[in-house]
S.K.: 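Supplied in structure tokens, the structure appears directly below.
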Amino acid sequence: MVVKNKTKVYVGMSGGVDSSLAASLLVEQGYDVTGVYMKNWTKDLPGAKCPWADDLADAKRVAVKLGINFKVFDFENEYKHKVVDYMIGEYIKGNTPNPDIMCNQEVKFKLFLETALADGADMIATGHYARTKDSKLLMAVDTNKDQTYFLYRITDDALSKTLFPIGEFTKPTVRKMAAERGLSTAAKKDSQGICFVGQVGIRDFLGLYVDQKPGDIIDKKSGKVLGHHDGAIFFTLGQRHGMELGGSLPYYVVGKDMDKNEVYVTTDLNDETLWRKTIVLSDVNWINEVPPIGVYKIRVRHRAPLIESTLSFSDENVIFELENPQRAVATGQSVVIYDGEICLGGGIVF
RNA sequence: UGGGGUGUCGCCAAGUGGUAAGGCACCGGCUUUUGGUGCCGGCAUUCGGGGGUUCGAAUCCCUCCACCCCAG
């Protein structure tokens, strides 16, 4: 006997397996479930058709199967402003932003939440691999798929109104459970890359919004001009490809000057600017209270191993002294802090 | 046509008698809800052309061709 739960939950359904199963589990748990497809991006890009219509169809198919209400929230304008424009703006400043984190902060756990609540929802849910407990954000049971890295900018309030139904399961289990329930998305390939960029690649995507601007590629050690690029904006720290440089070893980007429009490279894998032992974060978000000074585990990029690091503060900024230097930590990227399995928050590399 | 130099995969580039490194680019695949990285596989039976020496040459010799620099 399923106990009827009158709580109304709006679950974001992307058309993938994870959110499909999330919706299914919520139904089984007795919630009053409404599936919502967020229409964030619909434009086709050169060489890549936007799959939004197919994704929408997949989401709806699952909703019908589950017998739940289904809605489409059109966030295309807001998404463009809050995520795409932010991303482009950061690149113009010379940073390397993480648009998916901004998407979660501004769209999924703000706009979607607000819109759902206004529409009568009590809570929202998504298919993220994460868990909540006592108003804390916890890593997913499947540490290999954990997505808390992308969620660290969520607010306490949003978190208290959010469910992550699949956070208790591993990806293989999720697929198995989806298949057992006859969900049509059970075997659908995982999405990857920025949702709206897809297969196009950031380089080509940016190229649609930014003019090309020829500049020099300079060897950091010798100061020699090794080649030319179409704009420093297209390069990021640690990058190896896209420079068409010959030689005997691969060249890596170790810096750039946006004003001079110069990109600096080296073949030295141990170059000092390629490795960071001290990381300063700005624009920090703490999910609960501000943690005390001490040693924590941090993650420098999605799926990167948790590494030991010492937290301290300086004015508005947070400083981390790393146990071991990390490679290619670019400004604009995010670092997320953990205490055991609890995600405490994070900030943007300064 | 006096002197010097160089010609190795689309590009860069190792290799100076022992049976063609590597990088970039490209193609395919893996990893991945950010950038980037990384990994696997493919990619010159052939070293500007032609002769010769040698068991064996991209590597030595001869010759031709092309390009570059200096001198004009």
Side-chain angles (χ1 to χ4, degrees), chain A residues 12 14-19 38 40-41 51 55 83-84 86-88 90-108 126-130 140 142 144-153 166 171 174 188-206 217 219 224-229 232-256 263 265-269 271 273-276 299-305 326-336 346 348-349:
Chain A
S14 66
V17 216
D18 302 330
S19 55
M38 285 176 244
N40 296 330
W41 186 269
D55 290 339
V83 181
V84 180
Y86 155 79
M87 183 185 88
I88 295 169
E90 285 298 299
Y91 270 108
I92 288 172
K93 284 189 237 169
N95 295 324
T96 306
N98 188 323
D100 287 350
I101 285 173
M102 194 51 65
C103 173
N104 285 330
Q105 171 182 306
E106 294 294 331
V107 179
K108 292 179 183 148
T126 68
H128 283 104
Y129 283 86
D142 186 342
N144 184 49
K145 291 296 291 184
D146 175 59
Q147 291 175 318
T148 50
Y149 176 81
F150 293 106
L151 299 170
Y152 83 90
R153 298 190 79 78
I166 65 164
K171 182 78 186 196
V174 166
K188 188 171 173 180
K189 194 179 188 313
D190 289 5
S191 64
Q192 55 182 279
I194 309 174
C195 42
F196 58 88
V197 173
Q199 295 299 321
V200 177
I202 194 71
R203 167 68 199 255
D204 292 334
F205 183 81
L206 273 180
I217 297 175
D219 181 61
K224 274 187 174 178
V225 175
L226 299 177
H228 305 282
H229 62 252
I233 190 172
F234 300 119
F235 297 85
T236 190
L237 185 62
Q239 184 173 332
R240 166 177 177 170
H241 298 283
M243 294 173 284
E244 308 201 338
L245 295 180
S248 55
L249 289 172
Y251 282 94
Y252 294 89
V253 174
V254 288
K256 60 179 181 177
V263 172
V265 298
T266 185
T267 55
D268 181 5
L269 293 172
D271 185 274
T273 54
L274 207 46
W275 298 88
R276 291 182 74 152
R299 178 168 277 156
V300 156
R301 57 172 59 80
H302 178 49
R303 283 178 51 84
Q326 293 299 298
R327 185 181 184 282
V329 181
T331 59
Q333 288 283 290
S334 283
V335 169
V336 179
I348 294 175
V349 178

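All of these numbers come straight from a predicted model, not from anything done at the bench. So you know, we letter chains A, B, ... as the sequences are listed, proteins then strands, and number each from 1.
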S.K.: Check this one for me: any side-chain N or O of A:Lys108 less than 4.0 Å away from OP1 or OP2 of B:rU33?
M.R.: no
S.K.: Within 45° of the axis and under 6.0 Å from the centre of the six-membered ring of A:Tyr252, does NZ or CZ of A:Arg327 qualify?
M.R.: yes
S.K.: In whole angstrom, give the distance that lies between atom CD1 of A:Ile233 and atom P of B:rG36.
M.R.: 13 Å
S.K.: Is the distance from the ring center of A:Phe235 to that of A:His229 below 6.0 Å?
M.R.: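 Yes - the distance between ring centres of A:Phe235 and A:His229 falls below the 6.0 Å cut-off.
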S.K.: Using a cut-off of strictly less than 4.0 Å, decide whether A:His241 has a side-chain nitrogen or oxygen near OP1 or OP2 of B:rA25.
M.R.: yes
S.K.: Look at A:His302 and B:rU33 and indicate whether a side-chain polar atom (N or O) is within less than 4.0 Å of OP1 or OP2.
M.R.: yes
S.K.: For A:Glu244 and for A:Pro97, locate the closest nucleotide of RNA chain B by heavy-atom distance; then report the residue assigned to the nucleotide nearer the 5' terminus.
M.R.: A:Glu244
S.K.: Over all strands shown, is A:Tyr251 touching base, sugar-phosphate only, or nothing at heavy-atom distances under 4.0 angstrom?
M.R.: nothing
S.K.: I'd like the C1' distance from B:rC64 over to B:rG29, given in whole Å.
M.R.: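 These two C1' atoms come out 47 Å apart once rounded.
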S.K.: Hey, does the side chain of A:Arg240 come within less than 4.0 Å of B:rG38's phosphate (OP1/OP2), counting only N and O?
M.R.: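 Yes.
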S.K.: May I ask you to say whether A:Lys145 pairs ionically with A:Asp190, meaning some side-chain N is under 4.0 Å from a carboxylate O?
M.R.: yes
S.K.: Between atom CG in A:Leu274 and atom C1' in B:rG35, what is the gap in whole Å?
M.R.: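 Rounded to whole Å, this separation is 14 Å.
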S.K.: Is any side-chain N or O of A:Gln239 under 3.5 Å from a base N or O of B:rU37, one able to act as donor and the other as acceptor?
M.R.: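 No, the side chain and the base share no sub-3.5 Å donor-acceptor pair.
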S.K.: Roughly how many Å is it from CD1 in A:Ile202 to P in B:rU37, rounded to a whole number?
M.R.: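 Rounded to the whole Å, the gap is 13 Å.
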S.K.: Tell me if a side-chain donor or acceptor on A:Asn104 pairs with a main-chain N or O of A:Phe150 at a distance below 3.5 Å.
M.R.: yes
S.K.: Could you work out the separation of B:rC43 and B:rC24 based on their C1' atoms and round it to a whole Å?
M.R.: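 Each nucleotide's C1' atom is 13 Å from the other's.
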S.K.: Calculate the interatomic distance between A:Tyr252 atom OH and B:rG35 atom C1'; express it in whole Å.
M.R.: 16 Å
S.K.: Mind pulling the stems RNA chain B is in, i.e. runs of at least three Watson-Crick or G-U pairs, everything under 3.5 Å?
M.R.: B:2-7 with B:65-70, B:10-12 with B:22-24, B:26-30 with B:38-42, B:48-52 with B:60-64
S.K.: Please state how far atom OH in A:Tyr152 lies from atom C1' in B:rU33, giving the value in whole angstrom units.
M.R.: 16 Å
S.K.: In terms of side-chain geometry, is the basic nitrogen of A:Asp18 or A:Lys171 positioned less than 4.0 Å from the acidic oxygen of its partner?
M.R.: yes
S.K.: Once you round it to whole Å, what is the distance between P of B:rG36 and CG of A:Asp204?
M.R.: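 Between P of B:rG36 and CG of A:Asp204: 11 Å.
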S.K.: Side chain of A:Asp100 only, please: which of B:rU34, B:rA21, B:rG38 is the nearest?
M.R.: B:rU34
S.K.: Report the residue (A:Leu151 or A:Leu249) whose heavy-atom-nearest nucleotide on RNA chain B is the more 5′ of the two.
M.R.: A:Leu249
S.K.: Rounded to the nearest 0.5 Å, how far does CE of A:Met102 lie from CZ of A:Arg153?
M.R.: 5.5 Å
S.K.: Could you state the atom-to-atom distance from OH of A:Tyr86 to P of B:rG35 in whole Å?
M.R.: 14 Å
S.K.: Using atom C1' in both nucleotides, what's the gap between B:rC67 and B:rC55 to the nearest angstrom?
M.R.: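 The answer is 37 Å between these two C1' atoms.
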S.K.: Distance check needed: B:rU33 P versus A:Ile166 CD1, whole Å only.
M.R.: 11 Å
S.K.: Verify, without hydrogens or angle tests, whether A:Ser19 (side chain) and A:Ser14 (backbone) share a donor-acceptor contact under 3.5 angstrom.
M.R.: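 At least one qualifying donor-acceptor pair exists.
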S.K.: Go through the steps to decide whether A:Thr266 and A:Asp268 satisfy the test side-chain hydrogen bond (donor to acceptor under 3.5 Å, both in side chains), and finish with yes or no.
M.R.: CA-CA 5 Å; A:Thr266 185; A:Asp268 181 5; 5.1 Å; no
